[in-house]
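Following: one structure in structure tokens, then a few remarks.
Below, read A as the first sequence line, B as the second, and so on, with proteins coming before strands; counting in each chain starts at 1.
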Amino acid sequence: MSTIAIISSFADDTRCARAIEQLREAELGDFNTFSPIPSHKIEYAIGRSKSPVRWLVLAGGISGVLTGLAITIGTTYEWGLNAGGKPLVSWPPFIVICFELMVLLGGIFGFLGVLMLSGVPTTETAPGYDGRFGGDRFGIVVRCDEAQAERVESMLKESGAEEIVREDEAQPR
Amino acid sequence: MREGPSISRRSFIKLAATAGAAAAIPGCEPAARKLIPYVVPDENVVPGVPSFFATTCSECPAGCGVVARIREGRVVKLEGNPADPIGQGSLCARGQAALQGLYNPDRLAHPQVRGGDGAMRTVWWDEADKMLGDRLGAASKAGRDRVAFFGSPQGPTLRKIALAFLGAYGSSRAIFYEAVNQEPARVAAKTIFGRRDLPSYRIDQAEVLISFGADFLETWQSPVELARQYSLFRTPRKRRGRLTIGRAIYVGPRLSMTASKCDDWIATAPGAEADVAWSVLNVLVKQRWVSQNSGFDLAALSKAVANFDPAATSARTGVPVETITRLGETFGKADGALAIAGTDDSSAHLAAMILNAVTGNFGKTVMFFEGSPAEETSTPDEVDAALDAMRDGGIDVLFVAGANPVFTMPASARVAEAIEKVPFVVWAGGVPDETAATASLLLPAHHPLESWRDTAPRAGIRGLGQPVMQPVFDSKAVGDILLAAAARSSSAKLPWASAAAAVKAEWLALAPKAGGADPEDFWVSVRREGGLYEEQHLSALSLDTSPFKAPVPPAAQAELSVYAYPHIFLYDGRGADKPWLQELPEPVTQIVWDSWAEIHPETARKLGVAKDDIIEIKTEHGAIEAPVLVESTVRPGVIAVPLGQGHRAYGRFAKDVGANAWAILAAGATSAAATARATGKIRRLVSPLGKSDMMGRSIVEAMSIEQLARGVVPQSEAEEVTGPFEIYPPWKYPGHKWGMTIDVNACTGCSACVTACYAENNVPTVGKDGVDNGRIMSWIRIERYFPPANEAAQAPQLYLAPMLCQQCSHAPCEPVCPVFASYHTEEGLNGQVYNRCVGTRYCENNCPYKVRRFNWFVPQWPAPLNLQLNPDVTVRSAGVMEKCTFCVQRIQFAELNARTEDRELRDGEILTACQQACPTRAISFGDSNDPASAMMRRREDNKLRGYRVLEELNTQPSITYLRDLYREKGKA
Amino acid sequence: MSSNLQLAHRKRAATKPQAVESVAGATMKAAAGAMIVLGAIAFVVALSRGRAAIAWEAYLVNLLFFLGVAQGAVVASSSFYLTQAKWGGSTPYRLGEAFAPFLWVGFFLFFGLYFGRSLIFPWVTHPIAQKAAWLNTPFLFARDGIALGAMAVASFAFIRVSRGDGARAWTIATDEIELPPHSIRVLAPVVAVLFAAVYSLIAFDLVMSLAPVWRSTLFGWYFFAGCFWSGVTAMALTAVVLRGRLGENNLFTNPTVMHDLGKMVFAFSVFWIYLLFAQYIVIWYGDLPVETFFIVQRVHHMPWSPLSVACVVLIWLIPFTLLMSVRAKKTPVILGTVSALGLAGMWLERYVLVVPSLSLDAIPFGATQFLISIGFLGVFLLSAVPGLNRVAQAATSGEPVGDDAE
Amino acid sequence: MAAAPKAIPEPSFRDIDRSVLRVMEPAGLAYWAWIGFCFTLVAIAAGLWARQIYSGLGVTGLRQPVMWAVYITNFVFWVGIAHSGTLISAILFLFRTKWRTAVYRAAETMTIFAVATAGLFPLIHLGRVWFFYWLLPYPNERSLQPDFRSPLVWDAFAVSTYLTISALFWTMGLIPDIANAREAATGWRKKFYTVLAMGWQGTDRQWRHYSMAYLLMAGLATPLVVSVHSVVSWDFAMAQLPGWHSTIFAPYFVAGAIFSGVAMVITLLIPMRKMLGIEDLLTEWHFDNLAKVVLLTSLVVSYSYITETFMAWYAGDPIELMTFRMRYFGPWGWMFGMMVLCNCLIPLLLFSPRIRVNMIALWVISIFVNIGMWLERFVIIAGSLRVNFEPSQWGSYHPSITEIMITVGSFAWFVGLFSLFSRFLPIFSMTELKEGIVWLRKALKMDRVKAA
């Protein structure tokens, strides 16, 4: 039994989400969606857990603060110079530095995190990807074996798919 | 002008070689032997270690002793010679600036001859000598007195040489001319005491001082010495049970710096001072406020002063009667009083002398000593005679050395045309001046600091001037030129081989006076001491009380007259070639790089002019143009113009700056009736000063002596913070914590400190435009504020005080520096690391005292001025902030010495440049951690007067100022 | 996240909440009354026992605090209009307006200060020449009286319109972009602008002038930002309390609504610390005695420094750390506790601002001041009763909330 | 969120793509002439800077005591301009404001270039720019480090952080759009976008991380933007100088920054809207809201002016009083008057809803605001330095040609970069417009209703 790819496109995320929910209920789990916008509906329908990016950002932020403390306090004691009678460890200024570094590293971690987790940069195209999915169409690519093809297609159709293409071992176009 | 060999470069290489060679094999290198100051044994030259030579100052007749600081064979700084009784270790701005005369880039590098076309041709010395010799020979053959020498008093020895030189050519036409001279005083002395020498003064012995137009803190006689005396005179002291300060009154047309330091300024028209003086005498005599044994025939005296009844005088001069009577009273009742005169008419001098005499102050506040030095300047008659001779073509060769008659002699003398008539004029000197422009042969002469010379400023003092370094240019000592010429082309046999020999001979002759020590030891000791200082002996005065020529009251004054006074820094004009002096703001007007016509607002209204409008001032002798400065620091109807500017030659720094006031004066006069008209032209008078109004801020503070006596401290009405407010933990300064105490009452505003700072710290000058663009670099400046009119009665006449980095413990400039270029040292200094500075300039923005200076461009020291740079101090590059660091290099030097000698640093061992220069010792420096240090004791002893500038900012300055003292006006 | 929202919608669609008319029963009124009596007695006693200064200090502190809460909440409501907030239907508006009646009470209590002026304002006993033009009794009471009066009038005008049908209808979500009724569009900005002006004035006159030498340009802003935050916090606290007392499916059971309240508490607590820091660092760095002493005496010196620290902990540290996560914001217990502590912190902050100026070396907090504070609380609660009922009605009306809620 | 699109037929996703991508089509001669003009000015400025580096800061009009003037004014001005971008892209995102979607990309782009411009001025004003890196900590054997107590160091950190974060935030938003552009594009542009898009395909997995990170970035950028201009304000407030040392500076400068920034957005968008014919993306509703932000911040700025004046008077410190007297009535009083007119009075017009949506009026007002805010910074910076603690050191200041041309150059640099960008990368976020399409439709409907 060869697996095939069924590529369907939808006009809006509501229909798309409905289709996904049905697929999931039918436990035809092996599918992939494309959309021009980050749709909460689709996300909810797929129902994955929250993205781990936030932990990266948190880590970045914390390391930022620590770096801040390290360089401010550390370098101050390097020479221990008196400037205007202000204490060597002058908290108010150091807080500013720590804050900036927190944001800086947090942001960088976050950005790199997204790239890493969402697998960009990449050169290969996911099976079934179609240019319109970047524009005004929402797409679902279901990978199943021929036996289930019918069911899947009907499922997609009734949830409002505009067109459905079946491909043997879909190749990227 | 054709290029001679590039001297500045050569000499630079030479000097560089000195250091190098000396470093390599001290003394053994022949080149080095040739190059190091030959008064020092070679092994004394250690690179990085300064050597000091005592010599004398030749910038004015006061003849202060000087110590020259030599590094690697070049003199880098001049300081007062502590051994010298006149300067006593201090030196005025002019004296210190002599260096820039020595290193002046415009100095004549080679002999030059004027061709037929008037163009100059550079020649070698032998050609020049030959030409000179031939001309002299020819002249002497032509007859007697056909050679003339025109110079300025340059000490007994040179005088001897000059006379001998003339003698060799059968002439006696020697003129020694000082534009700013004491002739009127001598005349007065002659009249009453039958002697022409000058008395010495002891202001500090007096209780009351009246100056009739004598700017004794600026240019009159011996400013450094008198300033020091004056500061003692003004120091609060118990007199007859009351804590008081000496009372000083200034009578004259202009509120000079001197006048501003007095209690009262009695504004009179120029020439009216005498009138007032006689009137005061009149009061004294009438009131019998005279000492019984003064030896005067009071009857005769009162007859003599009959014309000077206060009322009459008041009518003539506009000085209120009660002012005159009060003057008389204070002077007469004083226990020790002194009247001095600085006017151009001997009448005022005479009156002053009589005032001192009748009150029995001779021998107390003013005294004649035995053995006053011979008169150095020629009398006006001699000068006139010589000039006439020239005009009649009676002179073939005129040898001018050290004088600039074309510039400094008053218009009426018609010098230019006289010199015109002389076929061959030889000029020997440094920077070619107006007179050089008329000469056919120009000879580069040694700067005094390069040559042997001596001075005899007054009885009991002989200063020895020894050369402090190798000549910078291809020059010769004037004495040597004269001797060489005489040897070459005259039959006479002169006793000396060289000027040096002459000086030594002269001094060895003095050896017996010094207790018959071995001549050579004596020679060594005087070279070390810088001169011979002996006990002075009062000379018995033979008072000629025979009714002297009773003075005639001067005619009614012209309703507009011009009053010319020697510029405190440029003096008679010789200072104009020195950028330091040009850029030093005149203390009262704060103007730089220009000359100005100071007039009263009233006068300005009459003339219909405002500040910066150029007016033409015309007298019977000539006319000059100068921009107007409208201030009430001058009497209505008087135009006050400083002398010294208006050079048409004399180097890049002096040429075409301002106007020459000598050109409108009569011989020996400092004022003249004048007319003035607006020319419609405008020239900005440039000054680094922003506002003259202190706006009630705590910058320069003053309190009245009465308050001090009562023990009340002037309170600021600002609200007080109660409870703790210190937000940072205190910093510890375990070792030293350097601090300063500055007595504003002692500060006269003479700016010697400023010049000292320029010299010590390689502070660049920026020129007129630079100052105009707000880019003056001075690290220390004299703050000048006018008291607001409504408080004038409760304030000094001017607020004058030095402002420099306050080295704050909570310095606002430090934490804002992103790179620690500005930081605080363990010894409490506000350090500035030039190499680290990136030039954000935040420090200056945040400095409340605005004492930081930014290098907007790369600083310029046209060679060989760069040779003066102090090797101990970095030369800052463009884009770097710089500032005062209490002369940290001197602190380091002293600390290093202490460490090598394994001992504690001694109090007073470190002198900052400004402190060292100050004639009145207004600045004391020391360790604030050491309560015993002189600096701290001074604070302690003057607690009531102590304040810190802008204290409410909690910057915690290391400098404590002591309030200026004034007398509450309208009080007896 | 919108998905949860849909759940909420569905649930609500399923069962409408039980309409509730009134939450504040006789017991509460009685309790409030009792508190007032206690406070009044304590005040009178203190005055008669020559401990007037202490009494007046407490009086001022509480006046400032409760006025701040009441006014801050009203301004919150007006700013909802300005930002066209529809996340809670009309309920958040009612919530904000609930404490408004105290504005009038406070207005009158303010004039009470007149009798304690010589004990509160140092410049009354020792007039300051330079500041006399501004710091003098008649002018101060005149301007602040007028200001507070105007503020109350404006607030009530605004509230009347806001409770009207037009505004109500607007708060319910629609498909169109439409603006709130015209009168609201006029009054809401007025209230907001007036608030900034009046409460800056109050800050300068009733707090800063207690240490007449001290000045800080940001202080007014800092002060009214604190008022605003205390208002918001009071709203959040009320929401949490009512949530339990309004039965099934009242609006406050909608986690997203609590989330939004939580966000506000979180955000404006951060804003408060920002303003505090902005003041502190400038004064700390500037090192000018006229500025530093105020901080030094409160933050760096006993006995006040612990209290100052406590303020920061209660007003910023706790809300910031606890309310960081979404879940916490949605958890009533956490939100409630944080808000309660926050309010306590804000009261303490007012206390630390005012009292050290009057007694630097000792904390005069004792029974008197406690009871007087209780009294004020009583007044506050009593005056809030009708408003709270309105909140109850709105929260149980089951009206749909705007789709911009997440 | 896209509710049933049947309610209002258009614009559809495709329309959005069409109108946005149309902007990116190859440009005409006029456009390149414009670009050329801009960068010629930049070249001149660069030349003058080179000269300044060579001969020293003396070529400027700077002097004792006015050590900072036009350069620092420009720095603050441009940083301020930047802030609106972050406000719209981050803060309003957190506030779930609907109208931001249309303008945020343009604003964010402005931020990047404004910060890039601003960042130059601290360098230009340095006395020894070749040592600028001494302001940053880096290991070196003498372990010389910056003084973290100096506001200028905070500044270095804040501004560089700000530039980095905005750039990342902006890039992140761009990726999906570029991916989209990639599909439509042809020729070299295709390759260009393909590379830039980094192979983004908009799978649910990608979007999941994307939206989370976007939210967090916004969460970080919000306090950042506040901190940045606070730090900038502290460059002055930390000093003791009257007119600089004021606690209100931080929030006051932040408000001022947003004020001028949003004004600049308006200044740029109104002509763009006309020239590119994108009224269907930028509706009156959008400008109405931008105008409201301007109005609000204008009020805050006025509040600060009043407070500062009052406090100066209340404190009764003669020195501070004098500073303010000079600021209002001194030789530079006209600047102050101008600035009050531009920043406080003219914006009051925006209380009128009609003016808020009158493009001409709005545009003119926004220009005035920009002028006013530049003057404000100048008056604060140079004006306060002129009258310091030491009357004897007071002095005036006149900018030199160098400073003037470099300022002009900075504007050219900013506008030039912006123009370049607008042609080659999507200046409107297609993704976000689609997300908020409902509101776009609502807005368009409202416009039409108004028009009818």
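The part of D:D17 that comes within reach of chain A is its side chain, from C-beta onward, which places non-hydrogen atoms under 4.5 angstrom from that chain. If you measure heavy-atom distances from D:I165 to chain A, the contacts under 4.5 Å come from the side chain alone. With a 4.5 Å cut-off on non-hydrogen atoms, D:Q206 touches chain A through its backbone and its side chain both. When heavy atoms are compared at a cutoff of 4.5 Å, A:T76 approaches chain D solely by way of its side chain, counted from C-beta outward. Heavy-atom distances place both the backbone and the side chain of D:S143 under 4.5 Å from chain A. With a threshold of 4.5 angstrom between heavy atoms, A:F133 does not approach chain D through any atom at all. With a threshold of 4.5 angstrom between heavy atoms, D:S211 approaches chain A through side-chain atoms but not through N, CA, C or O. Heavy atoms closer than 4.5 Å to chain A are found in the side chain of D:M212, but not in its backbone. Within the 4.5 angstrom heavy-atom criterion, only side-chain atoms of D:M217, from C-beta onward, approach chain A. The part of A:V96 that comes within reach of chain D is its side chain, from C-beta onward, which places non-hydrogen atoms under 4.5 angstrom from that chain. Proximity to chain A (any heavy atom under 4.5 Å) is shown, for D:L168, by both the backbone and the side chain. Only the side chain of A:L115 comes within contact range of chain D, judged by heavy atoms closer than 4.5 Å. Contacts between D:P223 and chain A at a heavy-atom distance below 4.5 Å involve backbone atoms as well as side-chain atoms. Of the two parts of D:I175, only the side chain, counted from C-beta on, holds a non-hydrogen atom closer than 4.5 Å to a non-hydrogen atom of chain A. Using a 4.5 Å cut-off between heavy atoms, A:V103 contacts chain D through both its backbone and its side chain. Only the side chain of D:P137 comes within contact range of chain A, judged by heavy atoms closer than 4.5 Å. Residue A:I71 touches chain D through both its backbone and its side chain, counting heavy-atom pairs closer than 4.5 Å.
Summarising the geometry, atom CZ belonging to A:F99 is positioned 14.0 Å from atom CZ belonging to D:F157; distances are rounded to the nearest 0.5 Å. Remark: A:S51 OG to D:H209 NE2 distance equals 5.0 Å, nearest 0.5 Å. Atom CG of D:D147 sits about 8.5 Å away from atom OG1 of A:T75, to the nearest 0.5 Å. In this structure, CZ in D:R142 is found 12.5 Å from CD in A:E78, a value given to the nearest 0.5 Å. Note that CD of A:E100 and CG of D:L224 are 6.0 Å apart. Values are rounded to the nearest 0.5 Å. Distance check: D:D204 CG to A:I42 CD1 gives 8.0 Å after rounding to the nearest 0.5 Å.
In this structure, the side chains of D:L220 and A:V57 come closer than 4.5 Å at one or more pairs of heavy atoms. Side-chain contact check for A:F111 versus D:T171: some heavy-atom pair is nearer than 4.5 Å.
Chosen from A:G61, A:S35, A:G110, the residue pairing most often with chain D at heavy-atom distances under 4.5 Å is A:S35. Of the listed residues (A:G107, A:G106, A:P38, A:S118), the one with the most heavy-atom contacts under 4.5 Å to chain D is A:P38. Ranked by heavy-atom pairs shorter than 4.5 Å toward chain D, the options A:G84, A:P36, A:S90 are led by A:P36. Chain A forms the most heavy-atom pairs under 4.5 Å with one residue out of D:A179, D:S160, D:A158, and that residue is D:A158. Among A:A83, A:G119, A:G139, A:A11, the residue making the largest number of heavy-atom pairs under 4.5 Å with chain D is A:A83.
More than 12 heavy-atom neighbours from other residues, nucleotides or ligands sit within 6.0 angstrom of NZ on D:K190. The local environment of CZ in D:R22 is crowded, with over 12 non-hydrogen atoms from other residues, nucleotides or ligands closer than 6.0 Å.
The two atoms that bring A:V53 and D:A213 nearest to each other are CG1-CB, 3.9 Å, heavy atoms only. The shortest heavy-atom contact between A:I37 and D:T431 is CG2-O, 3.5 Å. Here the shortest heavy-atom pairing between D:Q201 and A:Y129 reads O-CE1, 3.3 Å.
D:R149 contributes a side-chain N or O that, together with a main-chain N or O of A:K86, makes up a donor-acceptor pair within less than 3.5 Å. Checking side-chain atoms of D:R205 against main-chain N and O of A:N32 turns up no donor-acceptor pair under 3.5 Å.
Using cut-offs of 30° and 60° on the angle between ring planes, the pair D:F13 and A:F138 is tilted.
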